[in-house]
Amino acid sequence: MSHKIKHSTAHLVAAAVLKLYPKTKFAIGPAIEDGFYYDFDFKKKISEEDLVKIEREVEKLIKTNLVFKKKAVSLKEARSIFKDQPFKLELIKQLEKEGKKKALLYQSGDFVDLCKGPHVEKSNQIGALKLLSLAGAYWQGDEKKPMLTRIYGVAFKTKAELKKYLQQLEEAKKRDHRKLSKDLDLFSQNSQLGPGLILWHPKLAFVREEIELWWRQEHRKRGYQYVYTPHIGRKELWDTSGHTGFYQDLMYPPMKNKRGDTYFLKPMNCNGHVLIYQSSPRSYRDLPIRYCELGTVYRYEPEGVRHGILRPRCFTQDDAHIICRQDQVVEEIEAALDFALEMNAVFGFKNLRYELSLNDPKDKKKYVGQQHQWQFAQETLRKILKKRGVEFKESIGEAKFYGPSIDLKAEDAIGRLWQGTTIQFDFNLPGRFKMSYVNQKGKKETPFMIHRTLLGSMERFVGILIEQYTGAFPTWLSPVQAIILPITDDQLAFAQKTESQLKEAKIRTEINGDSEPIGAKIRKAEKEKIPFILVVGQKEVEINQVNLRKRGGQQEGAKDNQEIIKLIRKEIDNKL
Ligand SMILES: [Zn+2]
Ligand SMILES: [Zn+2]
């Protein structure tokens with residue numbers, strides 16, 4: 001979806017709304033990643049059914065082949081054009097405050113909007129659109145301001161692109177982790193506990209445990225050392241790192257004790273790792289040091305940003321901090337990148353998009369450190385990506401406050417992109433904490449630090465996996481790997497014997513001994529997405545075998561227990 005097409009369609013939606021509902025006040029209509037929206041204050045509430053009517057009106061406008069004309073007018077003139085539009089008047093007031101003398105407008109047909117553009121030249125460049133949904137949204141995201149009606153939509157150059165998008169949307173609905181979580185009993189939230197806090201149910205805990213066990217093994221292999229750090233720390237610590245200055249909006253409010261000590265819940269794991277480093281003197285020979293932790297952090301994400309398990313307020317990062325000398329930085333970042341690619345590939349994420357997140361030199365309040373340091377760090381990362389010959393997008397203003405990063409977006413089974421890995425180059429925290437090591441000449445030097453997470457957070461990552469696999473986890477991650485279904489009670493004892501053999505081979509196994517017809521039991525096991533279904537009837541008992549079928553209905557026939565164990569173990573051991 002091109003930005004110009006999305007945003008130009010938003011204008012036409014506003015034009016159509018004003019035509020159909022002339023008393024409506026219109027606010028803003030930006031393009032967003034997934035399309036566009038426009039916010040309105042309707043005199044009379046509209047419903048989802050009205051969207052079709054608005055859509056038809058927009059289509060009519062497109063056909064008249066409107067030209068998008070840009071012009072600059074004085075603020076006074078702008079005020080008179082939008083005299084009946086309170087939201088636009090507020091925006092003009094804002095322009096005045098910023099010292100602007102002119103307002104930029106775009107006109108298409110009778111409709112004029114306050115807007116910097118850019119737009120398509122003519123409306124026939126919009127090939128297809130669809131208005132998707134309605135939502136409530138506060139004016140300027142402020143809970144104290146009026147609640148507006150937001151219309152979401154998408155727009156494309158061609159009808160074929162729209163069709164493909166709608167099919168993908170349909171597929172995405174089937175995969176929605178919130179829906180699947182209910183069906184499969186994976187996680188929940190509870191208002192008594194607080195919004196954005198995830199309760200992991202036993203089945204999803206199995207998935208996490210498997211990932212964590214493997215994660216630990218892989219980190220050991222690569223010379224990482226595990227550490228554990230507390231979840232709270234004194235205010236002074238967060239002052240030193242700069243979090244209270246640059247990150248406090250995302251932190252939970254402080255805790256004060258009677259003696260006047262103030263503590264914060266940690267929003268990041270970095271500081272604990274820095275303090276472990278500082279617990280004894282370090283020499284150049286000790287570096288690199290790679291501390292890793294499945295570290296739980298707390299971030300008070302704004303209400304509009306929270307999204308199921310994908311963006312909660314408490315989550316566990318698969319975090320690590322690599323402390324190294326300048327001459328080791330490139331090698332360490334490259335190794336972290338390779339590690340990330342390997343990890344992603346295990347889950348079927350083989351198509352990765354690279355992004356280089358940079359600071360915005362104009363926004364000094366958002367970042368610590370000097371611009372020349374930023375340039376050095378950014379150039380280092382840019383060189384690494386160029387050397388690899390990968391395509392990457394540079395995003396200005398997306399860096400964390402302490403340094404730039406390489407971020408990887410993984411493409412899932414239906415072509416959606418998910419942010420997971422981030423590798424950040426930090427030249428700030430070591431200095432702020434006065435970290436040091438003794439160099440070859442016996443002099444103290446400040447090390448560099450690399451912050452990295454490969455999966456992102458456990459919460460977000462399993463949320464992505466639920467959608468990636470539509471809840472049908474591969475065998476190694478499946479909460480229940482095999483289920484044994486005796487046809488009648490007569491085979492129960494035989495089933496139990498099989499169960500204990502499978503369990504001994506460390507296969508997560510259950511028996512469904514309910515007195516239901518076997519067809520119903522199979523359907524239930526399929527619904528629970530269990531990878532191996534073992535059916536035992538009288539015939540099987542007599543030949544000392546069980547009938548094996550795989551998830552999805554594939555029949556494997558009668559096999560003895562040892563064969564079955566070998567088959568299932570092979571999938572588990574190969575992470576299939
Ligand atoms: Zn515009
Ligand atoms: Zn960190």
Side-chain angles (χ1 to χ4, degrees), residues 2-15 26-32 36-39 66-72 78 82 87-88 91 103-109 111-121 123 125-126 155 224 227 229 233 237-238 240-243 246-247 250 266-277 289-297 299 315-324 332-333 336 357 368 399-405 407 421-430 432-433 435 447-454 456-457:
S2 100
H3 182 96
K4 277 188 194 172
I5 288 180
K6 289 191 276 193
H7 179 56
S8 302
T9 313
H11 274 228
L12 298 185
V13 169
F26 61 118
I28 54 162
I32 52 174
F36 63 83
Y37 66 77
Y38 215 114
D39 287 346
L66 298 170
V67 178
F68 281 85
K69 273 181 289 192
K70 184 179 177 177
K71 59 177 173 182
F82 295 108
F87 303 114
K88 298 292 172 190
L91 295 172
L104 286 173
L105 307 179
Y106 264 89
Q107 180 158 14
S108 43
F111 177 75
V112 185
D113 206 346
L114 190 66
C115 164
K116 279 190 277 206
H119 280 280
V120 296
E121 293 92 47
S123 61
Q125 286 168 263
I126 303 166
Y224 283 83
V227 295
T229 59
L237 178 72
W238 306 105
T240 304
S241 58
H243 283 87
F246 295 90
Y247 208 73
L250 274 177
K266 64 173 171 180
M268 292 188 200
N269 301 303
C270 334
N271 291 0
H273 296 190
V274 169
L275 297 181
I276 296 173
Y277 177 86
I289 285 175
R290 306 181 189 96
Y291 292 135
C292 67
E293 179 178 9
L294 290 160
T296 303
V297 296
R299 294 184 191 168
F315 52 92
T316 299
Q317 290 182 301
D318 70 315
D319 212 354
H321 293 89
I322 302 162
I323 301 150
C324 63
E332 288 301 320
I333 292 175
S357 293
V368 289
K400 279 264 162 12
F401 71 83
Y402 46 73
S405 62
D407 303 319
T421 303
T422 168
I423 300 169
Q424 299 160 352
F425 184 172
D426 178 6
F427 46 85
N428 277 307
L429 283 196
R432 294 177 77 98
F433 273 101
M435 290 164 78
F448 282 90
M449 187 147 106
I450 298 157
H451 311 239
R452 50 113 281 204
T453 69
L454 303 181
S457 81

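Read the numbers this way: they start at 1 and go in the same order the structure lists the ligands and their atoms.
Around the Zn ion (ligand 1), the protein N, O or S atoms closer than 2.8 Å are His7 NE2, His11 NE2, Cys115 SG, His119 NE2, listed by chain and residue number.
Looking only at atom types and distance, the side chain of Asp319 has no donor-acceptor partner in the side chain of Thr453 under 3.5 Å away.
In terms of the side chain to side chain contact (heavy atoms under 4.5 Å, CB included) criterion, residue partners of Lys69 (sequence neighbours excluded) are, by chain and number, Val67. Ser457 pairs by the side-chain hydrogen bond (donor to acceptor under 3.5 Å, both in side chains) definition with nothing, not counting sequence neighbours.
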Item to complete: Begin from the C-alpha positions of Tyr402 and His451 and carry the test ring pair (Phe, Tyr, Trp, His ring centres under 6.0 Å) through to its verdict.
Response: CA-CA 10 Å; Tyr402 46 73; His451 311 239; 4.2 Å; yes
Discussion item. Is there a side chain to side chain donor-acceptor pair (under 3.5 Å) between Lys266 and Thr229? Walk through the geometry before answering.
Written reply: CA-CA 10 Å; Lys266 64 173 171 180; Thr229 59; 3.1 Å; yes
Discussion item. Would Ile28 and Phe87 count as a side chain to side chain contact (heavy atoms under 4.5 Å, CB included) here? Give the steps.
Written reply: CA-CA 8 Å; Ile28 54 162; Phe87 303 114; over 6 Å; no
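Results of the side-chain contact (heavy atoms from CB on, under 4.5 Å) test with His119 over Lys70, His11, Lys4 single out His11 as the only residue that passes.
Side-chain contact between Leu12 and Phe68 is present, with heavy atoms from C-beta onward closer than 4.5 Å.
Taking CE of Met449 as the start and CE of Met435 as the end, the distance is 5.5 Å to the nearest 0.5 Å.
Protein atoms of type N, O or S found under 2.8 Å from the Zn ion (ligand 2) total 3.
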